[in-house]
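In what follows, a single structure is set out as structure tokens and then discussed.
As a basis for the values below, the full set of heavy atoms in this structure was taken, side chains included, without hydrogen atoms, waters or symmetry mates. FYI, the numbering just counts along the sequence from 1.
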Amino acid sequence: MDDVVTAKVKKILTEYLEQNHMRKTPERYAILESAYSLSGHFSLEQLKDKLEENNFLVSKATLYNTINLLQAIRVIVRHNLKDGTKYEASLRNLNHCHQICTMCGKMREVNSPIIVDAVNKARLKRFQRDSFSVYIYGVCSTCHAKITRQKAKSKKK
């Protein structure tokens, strides 16, 4: 995990816990650090595996409660996808676009400076933007090729 991002997310968590008179447990910080050490999108099962890999065991209840807390303070983002719920460390990449295949559910991050620039230039009334995610739905090249092959086969019959 990047040192600057690490310090920032830990500070956000610490301030939130202190302001809300909540305990600063090692489990909360271990889950946060593990989430930020995973690249890209991850499932709760992958996060649990990462924690176990680091010899840090937590109950499912602790994991779910902490993920909900991290979402509430906006350091983790949840994506509801065709293949299930995935999470992402949001402060590692504040502005990003996703392309999602409506056939297989595969998601990929897209670097699009044009979209980032357009969203950043958008004037929003009475609203302070922190970050954004854009979802572009369509059909990936693999699924498109399958569809094309199926059409070709059905025309031959």
### Task
In plain terms, say whether E88 and R78 are close enough for a salt bridge, that is, a side-chain N and a carboxylate O under 4.0 Å apart.
no

### Message
If I take atom NZ from residue K11 and atom CD from residue E15, how far apart are they, to the nearest 0.5 angstrom?
### Response
4.5 Å

### Query
Under a single-linkage definition using a 4.5 Å side-chain heavy-atom cutoff for Ile, Leu, Val, Met, Phe, Trp and Tyr, are V134 and V139 assigned to the same hydrophobic cluster?
no

### Atom of A35, atom of A89 and distance for their closest heavy-atom approach
O-CB, 4.3 Å

### Message
Could you check whether any side-chain heavy atom of T142 comes within less than 4.5 Å of a side-chain heavy atom of K106, counting everything from C-beta outward?
### Response
yes

### Query
Please walk me through it: do F42 and S37 pass side-chain contact (heavy atoms from CB on, under 4.5 Å)?
CA-CA 11 Å; F42 58 89; S37 71; over 6 Å; no

### Query
What is the minimum heavy-atom distance between S90 and Y36, and which atoms define it?
N-OH, 3.5 Å

### Task
Look at the side chain of T102 and the backbone N and O of G138, then say whether any donor-acceptor pair between them is shorter than 3.5 Å.
yes

### Query
Any side-chain heavy-atom pair from K8 and V4 closer than 4.5 angstrom?
no

### Query
So if you build clusters from Ile, Leu, Val, Met, Phe, Trp, Tyr with side-chain heavy-atom gaps below 4.5 Å, do I67 and M22 land together?
yes

### Summary
When rounded to the nearest 0.5 Å, the distance separating CG of D117 from OG of S112 is 10.0 Å

### Task
May I ask you to test the H79-T85 pair for a side-chain heavy-atom distance under 4.5 Å?
no

## Note on the structure
The single option from V58, L47, L63 that satisfies side-chain contact (heavy atoms from CB on, under 4.5 Å) with S34 is L47

### Task
Please tell me if the side chains of R28 and L17 come closer than 4.5 Å, counting only heavy atoms from C-beta onward.
yes

### Task
Decide side-chain contact (heavy atoms from CB on, under 4.5 Å) for V77 and Y87; before the verdict, give the C-alpha distance in whole Å, the side-chain angles of both, and the deciding distance to 0.1 Å.
CA-CA 6 Å; V77 174; Y87 299 87; over 6 Å; no

### Query
Got a sec: does the CD1 of I114 have more than 12 other heavy atoms crowding it under 6.0 Å?
no

### Task
Check the pair C140 / C104 against side-chain contact (heavy atoms from CB on, under 4.5 Å), numbers first and verdict last.
CA-CA 8 Å; C140 70; C104 67; 3.9 Å; yes

### Task
Could you pull out all residues at least two apart from I73 that satisfy side-chain contact (heavy atoms from CB on, under 4.5 Å)?
I12, L13, Y16, L70, V75

### Summary
The reported gap from NZ in K48 to CZ in F56 (rounded to nearest 0.5 angstrom) is 11.5 Å

#### Entry: K10 side chain near L32 side chain, heavy-atom distance below 4.5 Å
yes

### Query
Under a 4.5 Å cut-off applied to non-hydrogen side-chain atoms, are F132 and V116 in contact?
yes

### Task
Could you please spell out the steps behind the side-chain contact (heavy atoms from CB on, under 4.5 Å) verdict for Q99 and E109?
CA-CA 6 Å; Q99 64 183 31; E109 294 217 18; over 6 Å; no

### Query
Is the number of heavy atoms from other residues, nucleotides or ligands under 6.0 Å of Y135 OH greater than 12?
yes

### Query
Does any N or O in the side chain of N65 come within less than 3.5 Å of the main-chain N or O of A61, such that one atom is a donor and the other an acceptor?
yes

### Query
Just checking, is any N or O donor in the side chain of T14 or Y29 under 3.5 Å from an acceptor N or O on the other one?
yes

### Task
Could you pull out the closest heavy-atom pair between L44 and Y64, with the gap in Å?
CD1-CE2, 3.1 Å

## Note on the structure
When every non-hydrogen atom of H41 is compared with those of Q46, the smallest separation belongs to O-OE1, 4.1 Å

### Query
Does the pair E53/K50 count as a salt bridge with the N-to-O cut at 4.0 Å?
yes

